[in-house]
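Taking it in order: structure first as structure tokens, then the write-up.
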Amino acid sequence: MAPPSHPWNLSPSEAIALQKELAARVICRGTPENVKTVAGVDVSFGGEMARAAAVVLGFPDLEVTDHAVVTRPVTFPYIPGLFTFREGPVAVAAIEQLAKRPDLIIFDGQGLAHPRRLGIASHMGLLLDLPTIGCAKTRLCGTFDPPGPEKGSWSPLIHRGEVIGAAVRTRTNVRPVFVSPGHLLDLPSAIRFVLACCRKYRLPETTRQADHVAGGGGIRDPSAGPRTPSGRPRP
DNA sequence: GCGACAG
DNA sequence: ATCTTGTCGC
């Protein structure tokens, strides 16, 4: 079936109805074969503008090979459960600017681990018809037992009796991240790819590189010059 | 009704 | 997300 296409200028209630329809088309099974490139996507805000960055890394070497940045006006408020309608439009634009479509994309947010099973990773996977993974810094819904303290250990994230994702320890003795399949792969695969993208930090390199390019810490005026911790010029 | 609530 | 300095710990 053809990848779905739809307008973004919806009201919150219309957006919720759309999520329920699209969720039925998400496929959380299988494992992507021959993955040679993995992309990371992240969006930062400044005033009324949203800036998305898509960065492509080689897999499994994780060397950056391409990136694209797109800035647009914000058109939707932040509402837990609906933030795809805030970050999705500009995120898609950035991904479409890449020279080549990546083999897999990791988003900074949930995938299946969403109240209606359609976090940004699942939604984007459907629209782009690409394998996607949701890797969030915090939980949106579901309950879980703390995973073991060592890097690599994880515990299932459960919601309404279903396993929707996992709390994964990407670094020893560091808060876990929340991984869930977005589209076209299962949970075990999602966990393996996220761990394979982690080096010496809690977040996968894909997300870190995208955050870096998007302007982690907010969109600021370049002509404002560098700022020091004290806000005072460096001696 | 009350608390929770991706970024 | 963004605003924002110093600080406790491995």
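The chains referred to below are lettered A, B, ... by the order of the sequence lines, with proteins before strands, and numbering in each begins at 1. Scope of the values below: all heavy atoms of this structure, side chains included, with no hydrogens, waters or symmetry mates.
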Evaluation steps, side-chain contact (heavy atoms from CB on, under 4.5 Å), between A/Cys197 and A/Val38: CA-CA 9 Å; A/Cys197 288; A/Val38 183; 4.2 Å; yes

Side-chain ion pair, A/Arg117 and A/Glu162, N-O less than 4.0 Å: yes

Residue closer to the 5' end of DNA chain C, A/Asn173 versus A/Gly46 (nearest nucleotide): A/Gly46

With A/Lys137, the salt bridge (Lys or Arg N to Asp or Glu O under 4.0 Å) member among A/Asp108, A/Asp211, A/Asp42: A/Asp108

A/Phe144 and A/Phe178 aromatic centres sub-6.0 Å: yes

Check: A/Phe83 ring centre within less than 6.0 Å of A/His123 ring centre: no

Step-by-step side-chain contact (heavy atoms from CB on, under 4.5 Å) determination, A/Leu112 to A/Cys28: CA-CA 8 Å; A/Leu112 222 209; A/Cys28 294; 3.7 Å; yes

Pairing annotation in dot-bracket form, given for DNA chain B with Watson-Crick or G-U pairs under 3.5 Å and | for cross-strand partners: .......

Provide a list of protein-nucleic acid N or O atom pairs under 3.5 angstrom, restricted to nucleotides 4-7 of chain B.
{"residue": "B/dC5", "atom": "OP1", "partner": "A/Arg139", "partner atom": "NH2", "Å": "2.6"}
{"residue": "B/dA6", "atom": "OP2", "partner": "A/Tyr78", "partner atom": "OH", "Å": "2.4"}
{"residue": "B/dA6", "atom": "O4'", "partner": "A/Gln110", "partner atom": "NE2", "Å": "3.3"}
{"residue": "B/dA6", "atom": "N7", "partner": "A/Gly81", "partner atom": "N", "Å": "3.0"}
{"residue": "B/dA6", "atom": "N6", "partner": "A/Gly81", "partner atom": "O", "Å": "3.2"}
{"residue": "B/dA6", "atom": "N6", "partner": "A/His114", "partner atom": "NE2", "Å": "3.4"}
{"residue": "B/dA6", "atom": "N1", "partner": "A/Ile120", "partner atom": "N", "Å": "3.2"}
{"residue": "B/dA6", "atom": "N3", "partner": "A/Gln110", "partner atom": "N", "Å": "3.0"}
{"residue": "B/dG7", "atom": "OP1", "partner": "A/Lys137", "partner atom": "N", "Å": "2.8"}
{"residue": "B/dG7", "atom": "OP2", "partner": "A/Thr138", "partner atom": "OG1", "Å": "2.9"}
{"residue": "B/dG7", "atom": "N7", "partner": "A/Tyr78", "partner atom": "OH", "Å": "3.4"}

A/Trp154 side chain near A/Ile191 side chain, heavy-atom distance below 4.5 Å: yes

Student check: side-chain heavy atoms of A/Phe85 and A/Pro77 closer than 4.5 Å: no

